[in-house]
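Order of appearance sets the numbers: ligands from 1, and atoms from 1 within every ligand.
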Amino acid sequence: MTAPYIEVAELLLRLKNCVVLTGAGISAESGIPTFRSKGGLWEKYDPTVYASIEVFRKDPSKYWQIRGDFIRDYDSYEPNAAHRALVELENLGIVRQVITQNIDGLHRKAGSRRVVEIHGSLREIICQQCGRTYLAPNIPEGNPPHCACGGVLKPNTVLFGEQLPPEALEVAIRESSTCRVMLVIGTSAVVYPAAHLPVVAKQHGAKIVEINIETAFPDADHVVLEKAGTAMARILEAITSRRTD
Ligand code: OAD
């Protein structure tokens, strides 16, 4: 079922209390590759090798080797129309929380204030030995890069085999279980516990709107099969035109 933008706009205006779950697809139009879409990062690299904490501990150069294929220069990417629409919806009192699996920092760069980054952020790079934090782009060169103390540096992101930051997960679960609408944007919804959040929202009575170029979440109440930037801009337009009617 494909929902017209107006139907989704009316749902958001009526129910408000919207929580948004985003994945790599929302940043695709900003030039950042996804993981599992065609041409995605995991087509070229095996995540159980290149994104595993176990392997990182033995040979951190594997992780650092692919990092440049994903995000080469952290500060050079710009938010797109979808990130910007979510800021407007927060300003209008419709979106109350963004939960993102993305580590690219683009929601905050766009201006969203209530953002929880459940897989961490590439902005902070932490020494595994002394705990010193470096902020991108000011991180030492090298594969792997080393801290001034000689320790190996690791971004403050979640690798496979690591726990999610507990406070972030707590916020994500609380927000998912109390929202009235959840927008699920650009995620394949296969990595847990993030993939469970729309299920939690639905179990607590929220309506689920999926925005994706192909459908990934089978229990969505509405599906908008469109690029995130186009879909969100149109939904925002429908909301603002209704508010001034
Ligand atoms: P995926 O790469 O698994 O999924 C991207 C989704 O975005 C797919 O469903 C695409 O159809 C959709 N998509 C692609 N381009 C789009 C566009 N322009 N507009 C809308 N949708 C689009 O990315 P995630 O679901 O975010 O984990 O992956 C989840 C986690 O797996 C990531 O956070 C990362 C990865 O391994 C960690 O790093 C721990």
Minimum-distance protein heavy atom relative to atom 32 (C) of ligand 1: Phe35 CE1, 3.5 Å

Heavy-atom closest pair, residues Trp64 and Leu153: NE1-O, 3.0 Å

Give me the residue, atom name and distance of the protein heavy atom closest to atom 18 (N) of ligand 1. Glu29 OE2, 3.2 Å

Is Ala228 touching ligand 1 with its side chain, its backbone, both, or neither, if touching means heavy atoms under 4.0 Å apart? both

Hey, does the side chain of Arg180 reach the backbone of Ala206 with a donor-acceptor pair shorter than 3.5 angstrom? no

Under a 3.5 Å cutoff, is there a donor and acceptor pairing between the side chains of Glu7 and His222? yes

Please write down residue, atom name and distance for the protein heavy atom closest to atom 27 (O) of ligand 1. His119 ND1, 3.6 Å

In ligand 1, which numbered atoms sit nearer than 4.0 Å to a non-hydrogen atom of Gly23? 26 (O)

Students should be able to answer this: which protein heavy-atom is nearest to atom 15 (N) of ligand 1, and at what distance? Ile213 CD1, 3.6 Å

Could you tell me whether the side chains of Asn143 and Arg67 share a donor-acceptor contact shorter than 3.5 Å? no

List the closest protein heavy-atom neighbour of atom 29 (C) of ligand 1: residue, atom name, distance to the nearest 0.1 Å. Gln101 OE1, 3.3 Å

Give the residue, atom name and distance (to 0.1 Å) of the protein heavy atom nearest atom 16 (C) of ligand 1. Gly25 O, 3.5 Å

For atom 39 (C) of ligand 1, tell me which residue out of Asn80, Val158, Thr215 has the closest non-hydrogen atom. Val158

State if Gly40 counts as touching ligand 1 under the rule of any non-hydrogen atom under 4.0 Å. no

Trp42 versus ligand 1: do any nitrogen or oxygen atoms come within less than 3.5 Å of each other? yes

Do me a favour and list the nearest non-hydrogen protein atom to atom 26 (O) of ligand 1 with residue, atom name and distance? Ala24 N, 2.8 Å

Considering only the protein, which heavy-atom contact is closest to atom 6 (C) of ligand 1, and what is its distance? Gly186 O, 3.4 Å

Would you confirm whether Glu29, through its side chain, and Gly229, through its main-chain N or O, come within 3.5 Å as a donor-acceptor pair? yes

